[in-house]
S.K.: 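One structure, as structure tokens, below. Some questions next.
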Amino acid sequence: AMAEVVERWVRERAARGRGGVRVGILAREGMRAATVSCLTIDADAPRLAHLLRERGYEVGAGYGALAASTVRIGHMGDHTVREVRALLGAMDDALEALAS
């Protein structure tokens, strides 16, 4: 359910053209994990992670060649759909800050 919330947020964000920063999902449909989403960010992904940390959220950094352009959102364990939605709201705010 949490992975679906993230996927829906990415689709809706793209449909709205929100914030000027494009966000996608790295893994192809059918190949995505139920436990983590790796998001592609058309901006400074490490800066996004920093802005989220300032807002009280921790996301994983990308690795290697993807370090500058991806973040990972875990949606397993003690996390809830409500918490994932709150993180995505904070991500909208942070992405708007990155775009300005």
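Quick caveat, the model's predicted, so the values are computed rather than measured. All residue numbers in this chain count up from 1 along the given sequence.
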S.K.: Measure across Leu51 and Ala94 and return the closest heavy-atom pair with its distance rounded to 0.1 Å.
M.R.: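 Heavy atoms only, the tightest pair is CD1-O, 3.7 Å.
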
S.K.: Output the distance between atom CD1 (Ile41) and atom CG (Leu95), rounded to the nearest 0.5 Å.
M.R.: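 The distance works out to 5.5 Å.
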
S.K.: If I take atom CZ from residue Arg16 and atom CZ from residue Arg11, how far apart are they, to the nearest 0.5 angstrom?
M.R.: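 Answer rounded to 0.5 Å: 12.0 Å.
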
S.K.: What's the separation between atom CG in Leu88 and atom CD1 in Ile73, rounded to the nearest 0.5 Å?
M.R.: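 The CG atom of Leu88 sits 5.5 Å away from the CD1 atom of Ile73.
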
S.K.: Could you pull out the closest heavy-atom pair between Ala45 and Val71, with the gap in Å?
M.R.: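 Taking every non-hydrogen atom into account, O-CG1, 3.8 Å.
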
S.K.: Closer than 3.5 angstrom, by distance alone: can the side chain of Glu83 be matched with the main-chain N or O of Thr80 as a donor-acceptor pair?
M.R.: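 The answer is yes, because a donor-acceptor pair under 3.5 Å joins these two groups.
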
S.K.: Will you find, in the side chains of His75 and Thr35, an N or O donor that is under 3.5 Å from an N or O acceptor?
M.R.: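 Their side chains do not contain a donor-acceptor pair, so the 3.5 Å distance test is not met.
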
S.K.: Can you sort out the partners of Glu58 under salt bridge (Lys or Arg N to Asp or Glu O under 4.0 Å), two or more places apart, ordered by chain and number?
M.R.: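 Once residues adjacent in sequence are excluded, the partners of Glu58 under the salt bridge (Lys or Arg N to Asp or Glu O under 4.0 Å) criterion are Arg53.
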
S.K.: I'd like to know if the side chain of Ser37 reaches the main chain of Ala3, judged simply by a donor and an acceptor atom lying under 3.5 Å from each other, with no hydrogens or angles considered.
M.R.: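 Checking the backbone N and O of Ala3 against the side chain of Ser37, no donor-acceptor pair under 3.5 Å is found.
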
S.K.: Hey, quick one: are Ile25 and Val84 part of the same hydrophobic cluster, counting side-chain heavy atoms closer than 4.5 Å, chains of contacts allowed?
M.R.: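 As far as the 4.5 Å side-chain criterion goes, Val84 and Ile25 are connected within one cluster.
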
S.K.: Out of curiosity, does Val36 fall in the hydrophobic cluster containing Tyr57 (side-chain heavy atoms, cut-off under 4.5 Å, transitive links)?
M.R.: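 Different clusters: Tyr57 never reaches Val36 through Ile, Leu, Val, Met, Phe, Trp or Tyr contacts under 4.5 Å.
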
S.K.: Do Leu87 and Leu26 sit in one hydrophobic cluster, given that two such residues count as connected whenever their side-chain heavy atoms are within less than 4.5 Å of each other, even indirectly?
M.R.: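 No, it is not one cluster - the side chains of Leu87 and Leu26 are not joined through contacts under 4.5 Å.
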
S.K.: Using the test salt bridge (Lys or Arg N to Asp or Glu O under 4.0 Å), find all partners of Glu7 that sit at least two apart in sequence or belong to another chain.
M.R.: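 Applying salt bridge (Lys or Arg N to Asp or Glu O under 4.0 Å) to Glu7 gives Arg32.
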
S.K.: Would you call Arg55-Asp93 a salt bridge at under 4.0 Å N-O?
M.R.: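 No, this pair does not count.
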
S.K.: What residues form a salt bridge (Lys or Arg N to Asp or Glu O under 4.0 Å) with Asp42, not counting sequence neighbours?
M.R.: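 Asp42: salt bridge (Lys or Arg N to Asp or Glu O under 4.0 Å) contacts with Arg22.
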
S.K.: Which atoms form the tightest heavy-atom contact between His50 and Arg47, and what is the distance?
M.R.: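 Residues His50 and Arg47, closest heavy atoms: CD2-NH1, 3.0 Å.
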
S.K.: Is there a side-chain contact between Leu39 and Met91 (heavy atoms, below 4.5 Å)?
M.R.: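 A side-chain contact under 4.5 Å exists here.
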
S.K.: Under a single-linkage definition using a 4.5 Å side-chain heavy-atom cutoff for Ile, Leu, Val, Met, Phe, Trp and Tyr, are Val5 and Trp9 assigned to the same hydrophobic cluster?
M.R.: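 Yes: a chain of side-chain contacts under 4.5 Å links Val5 to Trp9.
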
S.K.: So, does Thr70 use its side chain to make a donor-acceptor pair with the main chain of Ala67 at under 3.5 Å?
M.R.: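 No; zero donor-acceptor contacts below 3.5 Å.
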
